[in-house]
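I have placed the structure first, in the form of structure tokens, so that the comments after it can refer back to it.
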Amino acid sequence: GSDDKVGINNSSPVEMLTIGSTSDTNARIQFLTATNGANTIHFGDGTSADAYRGYINYAHDTDSLQFGSGGSERFRVDSSGRVGINNTNPNSAMLHADQTASNEQGIFIHPEHSSYTNIGLLVQTIRGQDSSFGLIQCKTNSGGDLEFNLRGDGSAYADLNWNGGG
């Protein structure tokens with residue numbers, strides 16, 4: 001019936017499934033599958049394809065964790081800790097965000113505080129001041145054209161001109 005509730009280590013469940021009680025130190029759920037299997041929690045609002053509109057999935061063959069919404073994967077953490085947003089293969093970047101529509105911004109940072117002491121984006125490296133690496137780069141033409149390069153020594157390259165320095 002509509003009042004059916006299940007309690008695991010709980011004699012008064014308040015939701016359809018309640019695990020543990022306020023006196024428990026830990027409450028855990030364990031899913032086990034073969035090394036080439038997957039563990040999935042589905043969130044749905046109907047039958048057929050609508051039964052799987054959102055999900056959390058762990059794939060043992062790739063040791064990756066995926067999050068889905070709207071019936072598609074939206075976010076992935078791979079076995080190396082790299083994060084892909086709208087990207088199922090975050091390759092060599094720690095964060096790889098793919099823009100999927102022409103009116104989207106790849107990454108938008110908007111600090112909402114009136115203090116100028118807040119930092120919108122901090123890029124910090126353990127390397128010393130050095131001109132041999134690009135700290136921040138902007139490329140066009142599928143990465144073929146370097147439009148902006150901020151080097152480790154503080155020099156900046158924009159539209160074929162070097163400016164400033166260390």
Side-chain angles (χ1 to χ4, degrees), residues 4-10 13-22 24-112 118-128 130 132-152 157:
D4 292 342
K5 296 176 181 166
V6 175
I8 299 174
N9 199 30
N10 189 304
V14 295
E15 297 294 341
M16 293 174 76
L17 174 62
T18 302
I19 300 172
S21 68
T22 56
D24 290 333
T25 305
N26 297 300
R28 297 183 176 126
I29 300 173
Q30 183 177 27
F31 299 93
L32 298 173
T33 62
T35 57
N36 61 348
N39 302 109
T40 307
I41 300 172
H42 287 124
F43 305 93
D45 55 8
T47 59
S48 188
D50 285 337
Y52 309 107
R53 300 296 293 161
Y55 61 84
I56 301 170
N57 184 71
Y58 187 85
H60 293 279
D61 58 346
T62 59
D63 281 329
S64 63
L65 181 66
Q66 303 97 38
F67 295 84
S69 67
S72 298
E73 181 178 325
R74 305 294 183 196
F75 183 91
R76 174 182 293 236
V77 181
D78 74 6
S79 62
S80 297
R82 295 182 298 249
V83 174
I85 300 172
N86 286 331
N87 183 290
T88 59
N89 185 19
N91 62 48
S92 62
M94 289 306 294
L95 173 63
H96 186 135
D98 277 354
Q99 180 180 352
T100 59
S102 62
N103 62 345
E104 291 180 336
Q105 297 169 346
I107 297 175
F108 178 73
I109 300 170
H110 184 222
E112 294 187 11
N118 289 343
I119 298 171
L121 173 64
L122 173 65
V123 179
Q124 185 172 337
T125 177
I126 61 171
R127 293 180 70 164
D130 187 350
S132 66
F133 71 99
L135 188 60
I136 298 174
Q137 293 186 341
C138 298
K139 295 182 178 184
T140 58
N141 194 20
S142 297
D145 296 329
L146 180 62
E147 300 297 335
F148 175 80
N149 184 20
L150 176 62
R151 294 192 315 199
Y157 168 94

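Any value given below was found using the heavy atoms of this structure, including those in side chains, with hydrogens, waters and symmetry copies removed.
L17 is listed as a side-chain neighbour of I8, based on a closest heavy-atom distance under 4.5 Å. A 4.5 Å side-chain heavy-atom check between M16 and K5 finds every atom pair outside the cut-off.
The side chain to side chain donor-acceptor pair (under 3.5 Å) search around N87 returns H96, D98, not counting sequence neighbours. Shown here are the side chain to side chain donor-acceptor pair (under 3.5 Å) partners of T88, two or more places apart in sequence or in another chain: there are none. For D45, the side-chain contact (heavy atoms from CB on, under 4.5 Å) partners are D50, R53, not counting sequence neighbours. The side chain to side chain donor-acceptor pair (under 3.5 Å) check on D24 picks up N9, with sequence neighbours excluded. Checked against side-chain contact (heavy atoms from CB on, under 4.5 Å), L32 has the following partners two or more places apart in sequence or in another chain: Q30. Residues that satisfy the side chain to side chain donor-acceptor pair (under 3.5 Å) test with S21, not counting sequence neighbours, are S23. Residues satisfying the side-chain contact (heavy atoms from CB on, under 4.5 Å) criterion with S69, sequence neighbours excluded, are R74. Partners of T35 according to the side-chain contact (heavy atoms from CB on, under 4.5 Å) rule, which considers only residues two or more places apart in sequence or in another chain, do not exist here.
Here ring-ring contact (aromatic ring centres under 6.0 Å, His included) pairs that include residues 49-69, with residues two or more places apart or in two chains, are H42-Y52, Y58-H60, F67-F75.
No donor-acceptor pair under 3.5 Å is formed between the side chain of E15 and the backbone N or O of P13. A donor-acceptor pair under 3.5 Å links the side-chain atoms of N10 to the main chain of G20, judged by distance alone.
Between the CG atom in N39 and the OG1 atom in T33 there is a gap of 4.0 Å [rounded to 0.5 Å]. Considering CZ of R82 and OG of S64, their distance stands at 11.0 Å, rounded to 0.5 Å. One finds the CG atom of L65 at 12.0 Å from the OG atom of S79 (value rounded to the nearest 0.5 Å).
For the 3.5 Å distance criterion, the side chains of N57 and T40 qualify, holding a donor opposite an acceptor.
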